[in-house]
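Quick notes on the structure that follows.
One-based numbering along the sequence shown.
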Amino acid sequence: MIKQFFIGIVLALLPMLTYAVGTETSGPYQFSVTLDGPLSSETGKAPVAYIWIPDGISQVKAVVLAQQNMTEECIFKMDTFRKEMKRLGIALIWVAPAFSQNWDPQTGCQTIFEDMMKNIGYQSSHKEIGSVPVVPLGHSAQATFPWNFAAWNPNRTLCIISFHGDAPRTNLTGYGRANVEWGRNRNIDGIPGLMVEGEYEWWEARVRPALAFQMMYPESVISFLCDTGRGHFGCGETTARYLVKFIEKSMQLRLNADGSLRKVNREDGWLACRYRADLPENDGDGKGQGVYDGQGYAPAAPYAIYQGDKHDTFWYPDEEMARLTEQRYAQSRGKKRQYVGLEYQGQLVKINPKLQTGMGIDFHSDSKDSITIRLKGVYTGATHGTLSAAHGKGTPRIEVVAGPIKKINATTFRLYPYEAGWDNSRRSLKCTMVVVADADDNYRGAVQPFTINIPAHLISNIK
């Protein structure tokens with residue numbers, strides 16, 4: 001009888017043992033699940049999916065799925081973003097390291113994804129996660145995957161967010177290699193997609209494929225936001241709220257009561273004139289050629305009555321989103337530039353052209369606890385070599401983009417136990433941050449990214 005009893009327990013637990021594969025976690029995520037599939041080339045281990053589910057919700061309506069790269073981290077950790085996701089009933093899944101940059105099903109990514117979602121559903125007691133709609137979100141090297149995910153999962157993709165990233169089917173992928181071929185019949189018709197590109201990373205060659213895609217796929221519904229006052233790294237509160245608004249509008253347009261999805265009709269939305277750079281040093285094509293002079297601008301309007309060139313516009317869900325987009329562009333257009341930099345241990349940090357971020361420092365604690373660092377954002381001249389009085393009214397501030405560091409106050413930052421662990425030599429001992437200043441009546445917003453390198457011997461002190 002005892003033997004039969006234990007056999008019965010084992011048989012009863014088999015489904016749980018199949019799905020509930022948890023690992024320790026920290027930070028904003030409640031739990032995690034180890035992925036089944038190929039080992040990561042970055043760690044030699046299986047990637048892990050970290051999950052945040054809003055407290056108190058009985059039913060998850062959708063999930064935002066991101067993979068480790070950079071800005072995905074700060075978006076998911078932002079209090080504003082998570083508060084709004086709770087209001088919408090949306091969970092967050094962050095996979096580290098990433099398991100697919102391009103979403104090529106020949107690599108097995110589709111099966112890995114489907115198993116992961118089922119596993120998360122079982123472990124979280126929210127089995128609906130196994131089948132709920134997904135918002136794929138990716139930044140930079142991960143910015144191609146959202147489009148391709150949707151092309152292979154059109155009936156499961158709520159909307160698409162390529163952040164500081166790529167156009168659908170672009171020839172300029174964020175990861176720098178050939179894109180995945182969709183084939184003759186695959187498309188993302190009727191799925192709201194959003195491409196975001198920073199003002200200070202502007203490159204017309206990245207925008208043109210999005211315009212061409214709309215002509216090739218006239219039933220596509222692609223929105224575009226120039227993240228004015230920003231570059232390639234980070235996400236400000238205003239932009240995070242824009243992402244939330246886009247997700248919420250997509251839910252209203254696309255999500256049925258039973259959880260299934262319906263196609264969005266492009267002609268039911270609004271059109272707005274696309275952004276054009278108006279800085280000679282920032283137009284991305286020819287450095288000074290083709291700079292937008294403000295002429296020929298057509299105001300946003302419903303699709304049927306839009307007065308401008310429809311082939312040179314982007315689609316928006318409604319008037320509110322179109323107007324929000326125009327307002328963002330007005331924050332920069334025609335205004336002067338200001339520059340920000342970083343002061344560390346009483347000295348201005350110099351530009352290092354060999355670094356992707358342009359600035360870098362090695363961590364040296366100025367506190368007895370050995371894991372606290374003090375930094376100050378300042379206004380500088382264009383070369384960042386001297387302080388400058390030519391700037392707007394606001395005070396520069398520092399924001400965390402990625403890595404095991406958190407903001408304590410305006411100038412104090414502290415290392416903390418990294419959600420993704422310490423065994424990734426490429427990512428675990430590096431923090432990416434930005435100094436930013438907002439736009440005002442005379443100056444457009446400014447941003448300067450920087451990197452902090454963390455000595456490995458400090459890991460034992462981080463608790």
Could you pull out all donor-acceptor pairs under 3.5 Å where a side-chain atom in residues 453-463 meets a protein atom, sequence neighbours excluded?
from, atom 1, to, atom 2, distance (Å)
N453, ND2, D362, OD1, 3.3
N461, ND2, S370, OG, 3.2

Exercise. Judged by atom type as modelled, is there a donor-acceptor pair below 3.5 Å linking the side chain of T325 to the main-chain atoms of L225?
Worked result: no
For this session: Assess the side chains of E204 and W202: does a donor N or O sit below 3.5 Å from an acceptor N or O?
Result: yes
Problem set entry | Donor on one side chain, acceptor on other, T239 and R328, under 3.5 Å | yes
Exercise. What distance do L253 atom CG and L158 atom CG have between them, rounded to the nearest 0.5 Å?
Worked result: 9.5 Å
Exercise. At what distance, to the nearest 0.5 angstrom, does CZ of R186 lie from CD of E181?
Worked result: 9.5 Å
Exercise. Who pairs with D104 by salt bridge (charged side-chain N to carboxylate O under 4.0 Å, His left out), at least two apart in sequence or on another chain?
Worked result: none
Exercise. Do E114 and Q110 meet the criterion of a side-chain donor-acceptor pair at a distance under 3.5 Å?
Worked result: yes
Listed pairs under 3.5 Å, donor-acceptor, residues 350-358 side chains, sequence neighbours left out:
from, atom 1, to, atom 2, distance (Å)
N352, OD1, K354, N, 3.0
T357, OG1, M359, O, 2.8
T357, OG1, T451, OG1, 2.9

Problem set entry | 4.5 Å side-chain heavy-atom contact, W147 and I222 | yes
Problem set entry | From OH (Y242) to NZ (K245), nearest 0.5 Å | 11.5 Å
Exercise. By side chain to side chain contact (heavy atoms under 4.5 Å, CB included), which residues pair with K406, not counting sequence neighbours?
Worked result: I408, Y416
Problem set entry | Pair F113 + F149: ring centers closer than 6.0 Å | yes
For this session: Could you check whether the rings of Y50 and W94 sit parallel, tilted or perpendicular, using 30° and 60° as the cut-offs?
Result: tilted
Problem set entry | Straight-line distance of I188 CD1 to I160 CD1, nearest 0.5 Å | 4.0 Å
For this session: Give a yes or no on whether the backbone of W103 and the side-chain of N148 come within a donor-acceptor separation of less than 3.5 Å.
Result: no
Problem set entry | Over 12 foreign heavy atoms within 6.0 Å of CD, Q106 | no
For this session: Output, in order, the C-alpha distance, side-chain angles, deciding distance and verdict of side chain to side chain contact (heavy atoms under 4.5 Å, CB included) for Y200 and R337.
Result: CA-CA 11 Å; Y200 300 127; R337 284 206 67 171; 3.5 Å; yes
Exercise. Just one of R444, K336, R333, K335 clears the salt bridge (charged side-chain N to carboxylate O under 4.0 Å, His left out) bar with D278, so which one?
Worked result: R444
Exercise. Mind checking what makes side chain to side chain contact (heavy atoms under 4.5 Å, CB included) contact with V400, not counting sequence neighbours?
Worked result: I405, F413, M433
For this session: Verify whether one side chain among D423 and T43 offers a donor that lies under 3.5 Å from an acceptor in the other.
Result: no
Problem set entry | H139 and F233 aromatic ring geometry - parallel, tilted or perpendicular at 30°/60° bounds | perpendicular
Problem set entry | With sequence neighbours excluded, residues passing salt bridge (charged side-chain N to carboxylate O under 4.0 Å, His left out) with E73 | K77
